[in-house]
> 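Can you keep this structure in mind? I'll have questions shortly.
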Number of protein chains: 2
Amino acid sequence: MPKPTFFRLADEKRQRLIKAAYAEFARVPFQTASISNIIRDAGIPRGSFYQYFEDKTDIFFYLLDQTRMQTTLLYEQALKRHNGDLFAALDEFFNAAADVLIEGPDAEFYANVFLYMDFQSATHFSPSDAKPPHKKELLRTTLSLIDRDKLVVSSDEEVGMLFRQAMWIFMQSLGHYYHRLRNGEQISLAQLKARMATMLHWLQFGAGVQKEDLHD
Amino acid sequence: MPKPTFFRLADEKRQRLIKAAYAEFARVPFQTASISNIIRDAGIPRGSFYQYFEDKTDIFFYLLDQTRMQTTLLYEQALKRHNGDLFAALDEFFNAAADVLIEGPDAEFYANVFLYMDFQSATHFSPSDAKPPHKKELLRTTLSLIDRDKLVVSSDEEVGMLFRQAMWIFMQSLGHYYHRLRNGEQISLAQLKARMATMLHWLQFGAGVQKEDLHD
DNA sequence: ATGTCATGTGACAAACTGTCATTATACGCG
DNA sequence: CGCGTATAATGACAGTTTGTCACATGACAT
């Protein structure tokens with residue numbers, strides 16, 4: 001989390017820093033990104049940066065959190081609209097979120113996020129060492145709103161496992177999209193959505209042939 | 001890929017270097033690991049290291065490849081033993097591979113692999129910039145050996161998607177296991193296997209309530 | 001004007017990476 | 001044996017980056 005000083009900054013200065021950070025994390029993956037570049041771009045002295053943020057991780061997840069809040073909202077809305085039908089909600093959410101992440105202004109930033117995010121981070125969607133006030137927020141929302149009668153789950157933990165499996169489909173698909181894009185084999189947004197739908201469908205109805213299918 | 005010089009090295013020296021590399025990558029995640037530590041441990045001059053490997057990525061994936069070859073074999077055997085029944089083979093493979101990766105001598109190394117591997121690497125199981133001779137090896141094996149009549153797939157590409165979804169279950173579960181372990185909430189090997197089985201079962205038969213289930 | 005607290009600043013030490021000119025070693029051959 | 005050539009070993013070095021810290025500056029209340 002940014003330090004209090006950061007939030008007291010003059011708007012213009014804060015925006016300049018944020019913009020420079022987005023640019024750096026869009027330019028190269030997190031590991032390669034350098035604070036030196038960010039502060040040079042933003043025209044801010046080194047010492048000041050450390051007055052605002054702990055380190056590179058801190059500012060990166062601050063940026064990512066902006067997105068998380070946005071998408072969390074989309075997800076909740078979908079869940080409510082579909083009366084707790086998890087799979088219907090996920091399907092809608094995937095499509096809406098893909099629009100935001102791919103057609104929005106920070107697509108390059110997200111490309112690096114989804115191509116290079118590690119499992120640890122993906123699991124918690126926040127740095128491992130920071131205390132995440134929002135940790136499992138999506139999961140809590142899910143647990144409170146879903147209609148369990150439509151799922152084959154026997155515990156809250158299993159709901160969590162299922163939810164993560166679904167989120168991986170989403171993240172992996174975005175990673176796939178951006179991977180293709182960067183290799184000059186761009187796929188369309190429609191194809192991306194079809195991919196996510198297929199994988200989600202498998203998760204919902206199974207990718208193995210069911211018993212009754214054998215009667216053919 | 002290591003440079004030819006590396007393979008011409010005296011066995012003792014090569015082993016020393018490999019051992020030091022394992023130790024370093026077991027100590028900290030890939031991003032944090034340093035070549036300086038590896039060479040200090042191995043007692044090898046800096047210049048020599050670069051005579052053997054391109055960089056940190058190069059030696060890391062060399063180590064990982066050792067494992068990949070081992071597990072690929074397990075997978076192929078399982079696939080043949082089950083006459084191309086993908087899900088049956090995956091179930092067997094997950095259990096066998098988990099034994100190797102968790103009870104073997106390099107468990108700490110794998111912990112860092114599965115906790116911190118990014119999506120890009122996970123997808124290709126090889127560094128993005130290197131030419132991977134084995135790339136998609138597992139997938140090719142799968143395509144040639146599976147019995148498609150047992151799957152709801154309509155193309156080779158879909159087989160690939162399905163396969164990756166399954167592999168993610170495996171990797172994510174190992175990540176989960178190691179995460180718990182490092183937070184002092186160790187789960188048993190049996191619990192890990194149960195988790196993988198549950199998730200794989202969802203993928204095979206669906207986590208959503210099926211039509212016929214509604215007749216209850 | 002003066003004290004106090006928050007903020008700004010850039011020089012600096014420590015660490016690491018990849019390179020390269022130089023030195024050492026091995027090996028084939030007259 | 002002595003010599004030449006290819007291969008390998010070596011560590012000093014330049015170039016970066018990071019996080020810190022002592023000090024400067026500013027704002028504001030008394």
Side-chain angles (χ1 to χ4, degrees), chain A residues 1-63 112 116 121 127-130, chain B residues 1-63 112 116 121 127-130:
Chain A
M1 265 235 306
K3 300 180 183 175
T5 313
F6 175 72
F7 296 107
R8 287 186 219 116
L9 239 39
D11 276 16
E12 193 274 331
K13 193 173 186 179
R14 195 171 56 243
Q15 287 308 320
R16 203 153 28 104
L17 185 49
I18 289 177
K19 193 173 163 192
Y22 266 118
E24 176 67 0
F25 290 124
R27 191 181 66 81
V28 289
F30 174 78
Q31 301 99 309
T32 320
S34 97
I35 294 175
S36 293
N37 285 338
I38 296 175
I39 60 179
R40 190 180 331 112
D41 262 39
I44 281 172
R46 182 159 204 85
S48 295
F49 178 89
Y50 287 96
Q51 206 115 40
Y52 310 145
F53 295 98
E54 289 294 335
D55 52 22
K56 192 170 64 162
T57 303
D58 198 19
I59 191 169
F60 179 74
F61 278 98
Y62 172 69
L63 299 185
N112 283 327
Y116 297 101
S121 303
S128 54
D129 42 358
Chain B
M1 267 238 303
K3 301 180 183 176
T5 313
F6 174 71
F7 296 108
R8 286 186 220 116
L9 238 40
D11 276 15
E12 193 274 332
K13 194 174 187 178
R14 196 171 56 241
Q15 287 308 320
R16 203 151 29 103
L17 184 48
I18 288 176
K19 194 174 163 191
Y22 266 118
E24 176 66 0
F25 290 123
R27 190 181 67 81
V28 289
F30 174 77
Q31 300 99 310
T32 320
S34 95
I35 294 175
S36 292
N37 284 337
I38 296 175
I39 60 178
R40 189 177 334 108
D41 262 40
I44 280 173
R46 185 161 202 81
S48 294
F49 179 89
Y50 287 95
Q51 205 118 40
Y52 310 145
F53 296 97
E54 289 294 336
D55 52 22
K56 191 170 64 163
T57 303
D58 197 19
I59 191 170
F60 179 73
F61 279 97
Y62 172 69
L63 299 185
N112 283 327
Y116 298 101
S121 304
S128 53
D129 43 356

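Every heavy atom of this structure was used, including side-chain atoms; hydrogens, water molecules and symmetry mates were not. Only a predicted model underlies this, so the values are computations on that prediction, with no experimental measurement involved.
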> Taking atom P of D/dG19 as reference, at what distance in whole Å does atom CD1 of A/Ile59 sit?
12 Å
> For the helix from C/dA1-D/dT30 to C/dG30-D/dC1, what is the angle between the axes at its two ends, each from 5 pairs, rounded to 10°?
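Here the helix ends are tilted 20° relative to one another.
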> Under the salt bridge (Lys or Arg N to Asp or Glu O under 4.0 Å) rule, collect the residues that match up with A/Arg14, sequence neighbours excluded.
A/Asp11
> For D/dT18 and A/Ser36 - does any side-chain N or O of the residue sit under 4.0 Å from the phosphate oxygens OP1/OP2?
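Checking A/Ser36 against D/dT18: at least one side-chain N or O falls below 4.0 Å of OP1 or OP2.
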> So, does A/Tyr52 get its side chain near the phosphate of C/dG8, meaning an N or O under 4.0 Å from OP1 or OP2?
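For C/dG8, OP1/OP2 do have a side-chain N/O of A/Tyr52 under 4.0 Å.
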> For DNA chain C, what residues of residues 38-51 of chain B have any heavy atom nearer than 4.0 Å?
B/Arg46, B/Tyr50
> Considering only heavy atoms from C-beta outward, does the side chain of B/Phe6 approach that of B/Ile59 to under 4.5 Å?
no
> Could you pull out all donor-acceptor pairs under 3.5 Å where a side-chain atom in residues 20-30 of chain A meets a protein atom, sequence neighbours excluded?
residue	atom	partner	partner atom	Å
A/Glu24	OE1	A/Arg27	NE	3.0
A/Glu24	OE1	A/Arg27	NH2	3.4
A/Glu24	OE2	A/Arg27	NH2	3.0
A/Glu24	OE2	A/Ser34	N	2.9
A/Glu24	OE2	A/Asn37	ND2	3.1

> The criterion is salt bridge (Lys or Arg N to Asp or Glu O under 4.0 Å); which residues satisfy it with B/Arg16, sequence neighbours excluded?
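With neighbours one apart ignored, the set is B/Glu12.
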> What integer distance in Å separates A/Gln31:CD from D/dT18:P?
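Between P of D/dT18 and CD of A/Gln31: 13 Å.
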> Identify, with sequence neighbours excluded, every residue that meets ring-ring contact (aromatic ring centres under 6.0 Å, His included) alongside A/Phe49.
A/Phe53
> Of all heavy-atom pairs between B/Leu17 and B/Ile38, which one has the smallest distance, and what is that distance?
CD1-CG2, 3.9 Å
> For residues 37-48 of chain B, which residue pairs pass the salt bridge (Lys or Arg N to Asp or Glu O under 4.0 Å) check, not counting sequence neighbours?
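Counting only pairs at least two positions apart or across chains, no salt bridge (Lys or Arg N to Asp or Glu O under 4.0 Å) contact touches residues 37-48 of chain B.
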> According to side-chain hydrogen bond (donor to acceptor under 3.5 Å, both in side chains), who are the partners of B/Asn112, at least two apart in sequence or on a separate chain?
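Testing B/Asn112 for side-chain hydrogen bond (donor to acceptor under 3.5 Å, both in side chains), a comparison that skips the adjacent residues, returns B/Arg182.
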> Quick one: which protein N/O atoms are closer than 3.5 Å to N/O atoms of nucleotides 23-27 of chain D? Pair and distance per line, please.
none

> For residues B/Ile39 and B/Pro45, determine if any side-chain heavy atom of one lies less than 4.5 Å from a side-chain heavy atom of the other.
no
> Please state how far atom CZ in B/Phe53 lies from atom P in C/dT19, giving the value in whole angstrom units.
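For the pair B/Phe53 CZ and C/dT19 P, the rounded distance is 16 Å.
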> To the nearest angstrom, how far is A/Asp58 atom CG from D/dG19 atom P?
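One finds 11 Å between P of D/dG19 and CG of A/Asp58, rounded.
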> Near DNA chain D, counting only heavy atoms under 4.0 Å, which residues of residues 8-28 of chain B show up?
B/Arg8, B/Leu9, B/Lys13
> Could you tell me how far apart B/Lys56 (NZ) and C/dA15 (P) are, to the nearest whole angstrom?
16 Å
> Checking contacts here: which listed nucleotide (D/dT17, D/dA8, D/dG19) is nearest the side-chain heavy atoms of A/Asp55?
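The answer is D/dG19, which lies nearest to the side chain.
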> Would you check if B/Lys3 and B/Glu54 make a side-chain contact, meaning some heavy-atom pair closer than 4.5 Å?
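Yes, at least one pair of side-chain atoms sits under 4.5 Å.
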